[in-house]
Amino acid sequence: MPEIKELVKQLADKHGRNRESLLPILQGIVTEERYISDFAMTEVARELDMSAALVYGTATFYSFLDTKPRGKYVIRLCKTITCDMKGKKQILRTLEDLLKIEVGETTKDKKFTLLETNCLGWCHKGPAMLINDEVYTEITPEKVSEIIGDYMKNR
Amino acid sequence: MAKTVNLKIDGISVSVEQGTTVLGAAKQINIHIPTLCYHEDLCVAGNCRVCVVEQEGAKNLVASCAMPASEGMIIHTNTHKVRNARRHVVELLLSEHNADCTKCYKNTKCELQNLASEMVITEPMFIDLVPFKEYKIDKQSPSIIKDNSKCIRCQRCVRTCHELQHVSALGVAYKGDHMKISTFFENPMYDVVCTNCGQCVNRCPTGALVEKNYIDQVWEAIYDPNKHVIVQTAPATRIALGEDLGMESGSIVTGKMAASLRRLGFDSVLDTDFTADLTIMEEGTELLTRLKKALVDKDTSIKLPMFTSCSPGWIKFIEHLYPEYLDNLSTCKSPQQMFGALAKTYYAQKKGIDPASIVSVSIMPCTAKKFEAARPEMRDSGFQDVDLGLTTRELAVMIKQAGIEFESLADEKFDSIMGESTGAAVIFGATGGVMEAALRTAYELITGREVPFKNLNITAVRGMEGVREASVKLENVLPAWSFLEGVELKTAVAHGLTNAHQIMEAIKKGEAHYHFVEVMGCPGGCIGGGGQPIPTTPEIRKKRAEAIYREDEGMKLRKSHENPEVIQIYKEFLGEPLGHKSHELLHTHYVPRKRV
C-alpha cells in the first residue's frame, strides 16, 4: 500500500494534478502494477482532489486500464470479425490449452492473463494478438505455442 | 444590448437573443419540444436525442437543446421524420427500461412514461433487453433508492452531483451498452461520499433515483391506538406542498397544510418553525460566546467563522470533504432534531404522555433529513428523537390517499405547545434566511435596538446569488457586550454545495475572513430541497422564495426571541440558551468521514 501511495504521488508530480492528468496517471499505474486497485483509485482521487467516482468512471471506460489484478503478461486476442474468420478460435483454444486457463482468467503463477479484445487494427494480418505492448500478427496455433513457450522459458 | 437572430420555427417567425437554443426559441412561441436529458439547472448534455428537430439544409436531425438558433434558420418540429426519430428514441430507451410502471414509485410522475403515453407506444418495437441485464437496486441508504433498471442514463443526476453540488458521488462508468451511472466501485449510496441531498432525486426523469418513502409506516403509526403521533413541518414545506396538489408555484398553504395533517389523523400538528426560533436563540448565543472567547479571552482554540448546522446535506458534505473544519460548525442540532429531542422530553412531560408511545414524524423539503433522523447521535431523549422523516412529496401522496380535497380546505392553526413561531423562523426555508433571522435577534441583543433595515428586511443576504456577503457594524452596544463596540460583524451566505465548496476554498486559502457563515446544501436553500415537488427550476425557486418572504412579512412576530413559546420553554424547562439542559438535548457533535 505505501508503495502505491508513493507511486501515485510520483506520477502526479510528473503529470500534474489537473483533470487532464488523470489518464496518464492511470496509465502509469497500469504500467507499474498491471492493474488499478480500488485503493490506487482512491489515492489518485485524493492526490488530484477529485471524486473517486470520476476516477472509477475513467478507469472502467478504457479497456486497457485494467481494474482487476492481471498477470505479468496480459495476452489480448483480437475477437473481431476479420480475425475471427481467419481462425481466431483455434488460436484461443491453443492458448487455453497451453495456459490451462479460460478467457478472463490469470494463471496460478500470476504470469499470464488471457483476454479478448476489440479490433487491434491488424485486420489485413489477422489473426492478431497483443502480449502487453508487443503485437503478434498472422499467428497460427504452432506460432502461438512457440511464442508462449518462449515467454514461459525465457521471461 | 445582445444581438438578436431571426429564425422560423414551424412557419412562425421568431427573434431571439443570440445564444438562445432552438429549444428556447420554440418555447418563446409556445411550441413544446419534448426533452429528457435537458434540465434548466444543468449544462446541456444532448445525449437522449428526444428533442430532435429538422433543420432545413442540414443532413441530420439536430438536438434542439444543444443547437443555438442562428440567423435565417428554418426549423420543423413536427415532421414525419422528426416524429419517427423521437418515437424510436423512446422505444429504444424503453427496451432497456424496467417498465413495470404500475409498481413504480414514480408511476404517473415519470417523464419517460409521459412521453411513451404521448406517443401512444403500445406494442414494443424492439426486444425487451431488461431480462438480459443484471440491474442492481440499492436500497441501503435511509434517504435514497437507486434502481438501475429504471435508469435511462440521461446523466441529469451525474451533472447535478457535479455541477450543483461538487460532490460527484455519482459518475458514469463503463461504456457502450455496459455504460451505467455508478458510485465508486458501485458501492451502495450509503457507503460513499453522497450527502443525501436528493438533488439527483429531484431531477431524475424516471424512477431510477427516488426517496426512500416511509408513508406506510406513518399510516401504521396513525392507525395504532396506543401511539401518540405528532408531526412537525419544516418552513419550506408550506410554500411548496400546494404544487403537488394542483396549485400554483409560490402558493402559501400553511393553514391548509395544518388542516390536512389534522385530517390525516395526527394527534398533534406542530411546527418545526418553533425550533427554528429556538435554533436562533441557541446559535446566536453560541456565536456571541465564540466571539467573546476569541476577541476578549484570546482563546485560540475557538474556531471562527462559525458555520450554520441546519442543513444535513451540508453537514455530511463538510464531514466528507472538509473534516478539518468540523469544529467550525455550530454545535446546534438542526431544527428538526431539536424538535425531536424536545418532543419526547419537554412535550411528553407537559402533556403527561409516555415518551415511549410517541411517534415523532417530520415533514421536510429534504431527503437528507431521513439520514439525519437515523444518525446514532440523534437519540438524546433516550429514544430515536425523530422516528420518521417524510418529504413534502410524500405528504402530498398521503393527502391524496386520504381523499382530501386540499385546495378547498379552510385554514387551521398549529397545535400548542411547540406550534408557535415567528417570521424569522419561516425564512429559514430560503437561502440567507437563517442569517437574517440570526442578525435580527443578535443585533437587538447586543445593541438593544432593532436591526437598522427597513421593515426588518435584510435584503443584502437575500437573493439567488451563489455566495453573498454582508457586514453589520455594531455601534452603541449595551454595556454587557462592550467588547463588540465598533466591531464589523462579517457574514456570508452560500447555497448549493458547489458554492459551499467555493466559500470553503476561499476560507482555506485565507482569502475570506468571516465571523459567521450560513450554508444550505440545496440551491435556493430548503425551498429548492431534494424533497420538494418536482420539477424544481430556477423560476420555481424564485416563486417559492417570494412566498417565504411574503409569509414572513405577514407574521405578527418576526424576531425569534419574541416567540412566546420560546420564552416559555426557557423559563419552564431549558433554563437559558447554551445551558445545561440545552447542551444535553439541543447540541450535538460531528464525525469525520472518508472522501470516497
Side-chain angles (χ1 to χ4, degrees), chain A residues 1-2 4-5 8-9 12 17-23 25-27 29-30 33 35-70 76 78-81 103-104 115-121, chain B residues 47 136 138 146 148 151 153 155 157-195 197 200 209 316-317 320-324 497-498 501-502 504-505 508-509 592-596:
Chain A
M1 296 289 210
I4 296 211
K5 231 180 162 99
V8 171
K9 197 179 162 292
R17 286 173 169 78
N18 306 312
R19 264 180 94 104
E20 60 266 30
S21 323
L22 179 59
L23 209 44
I25 290 173
L26 293 178
Q27 286 172 317
I29 296 171
V30 171
E33 299 291 320
Y35 87 109
I36 313 163
S37 65
D38 54 349
F39 178 75
M41 283 188 219
T42 55
E43 273 307 301
V44 174
R46 203 183 47 76
E47 201 64 51
L48 267 56
D49 193 21
M50 71 192 297
S51 143
L54 296 181
V55 178
Y56 178 69
T58 306
T60 53
F61 184 88
Y62 294 99
S63 313
F64 281 60
L65 294 179
D66 287 303
T67 55
K68 289 186 189 112
R70 299 296 189 211
R76 294 172 203 266
C78 179
K79 68 172 177 188
T80 27
I81 191 153
V103 171
L115 301 173
E116 286 184 317
T117 178
N118 282 322
C119 186
L120 294 170
Chain B
N47 61 32
K136 262 193 200 156
D138 169 15
K146 179 171 180 282
N148 284 357
C151 177
R153 298 177 292 284
Q155 300 173 35
C157 55
V158 174
R159 283 174 283 152
T160 299
C161 205
H162 177 69
E163 292 168 22
L164 301 182
Q165 301 299 65
H166 189 81
V167 174
S168 287
L170 293 172
V172 179
Y174 300 94
K175 63 170 172 276
D177 62 336
H178 298 291
M179 190 259 249
K180 59 178 112 180
I181 307 306
S182 170
T183 55
F184 180 61
F185 261 87
E186 294 174 62
N187 289 332
M189 299 274 274
Y190 186 61
D191 231 5
V192 296
V193 66
C194 173
T195 66
C197 72
C200 58
L209 285 160
K316 196 130 180 291
F317 180 81
H320 281 293
L321 270 74
Y322 295 96
E324 69 273 26
L497 294 171
T498 296
H501 164 73
Q502 196 187 318
M504 290 307 292
E505 288 300 306
K508 214 170 165 176
K509 286 185 194 130
R593 296 175 197 270
K594 58 188 171 70
R595 175 71 196 267
V596 178

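Side-chain atoms are counted along with the backbone in the values below, which use heavy atoms only and exclude waters and symmetry mates. Note on naming: letters A, B, ... go to the chains in the order of the sequence lines (proteins, then strands), and numbering restarts at 1 for each one.
- B/Leu170 approaches B/Val158 most closely through the heavy-atom pair O-CG1, 3.9 Å.
- Contact between B/Cys161 and B/Ala169 at its shortest, heavy atoms only, is SG-N, 3.2 Å.
- Heavy-atom distances place no part of B/Val192 under 4.5 Å from chain A, backbone and side chain included.
- With sequence neighbours left out, the side-chain contact (heavy atoms from CB on, under 4.5 Å) criterion links B/Pro323 to B/Pro592.
- The heavy-atom pair separating A/Val30 from A/Phe64 by the smallest distance is CG1-O, 4.0 Å.
- Across every non-hydrogen atom of B/Cys157 and B/Ile181, the tightest pair is SG-CG2, 3.7 Å.
- Contacts of B/Val193 with chain A are absent, with no heavy-atom separation under 4.5 Å from either backbone or side chain.
- Contact annotation: the side chain of B/Val596 never approaches that of A/Met41 to less than 4.5 Å [non-hydrogen atoms, C-beta and beyond].
- The side-chain heavy atoms of B/Leu164 and B/Leu497, taken from C-beta on, include no pair separated by under 4.5 Å.
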Between chain A and chain B, going by a 3.5 Å limit, which atoms form donor-acceptor pairs, if any?
residue, atom, partner, partner atom, Å
A/Asp49, OD1, B/Arg595, NH1, 3.0
A/Asp49, OD1, B/Arg595, NH2, 3.4
A/Ser51, OG, B/Ser168, O, 2.5
A/Tyr56, OH, B/Tyr174, OH, 3.4
A/Tyr56, OH, B/Glu186, OE2, 3.2
A/Thr60, OG1, B/Tyr174, N, 2.9
A/Phe61, O, B/Lys175, NZ, 2.4
A/Ser63, OG, B/Lys175, NZ, 3.2

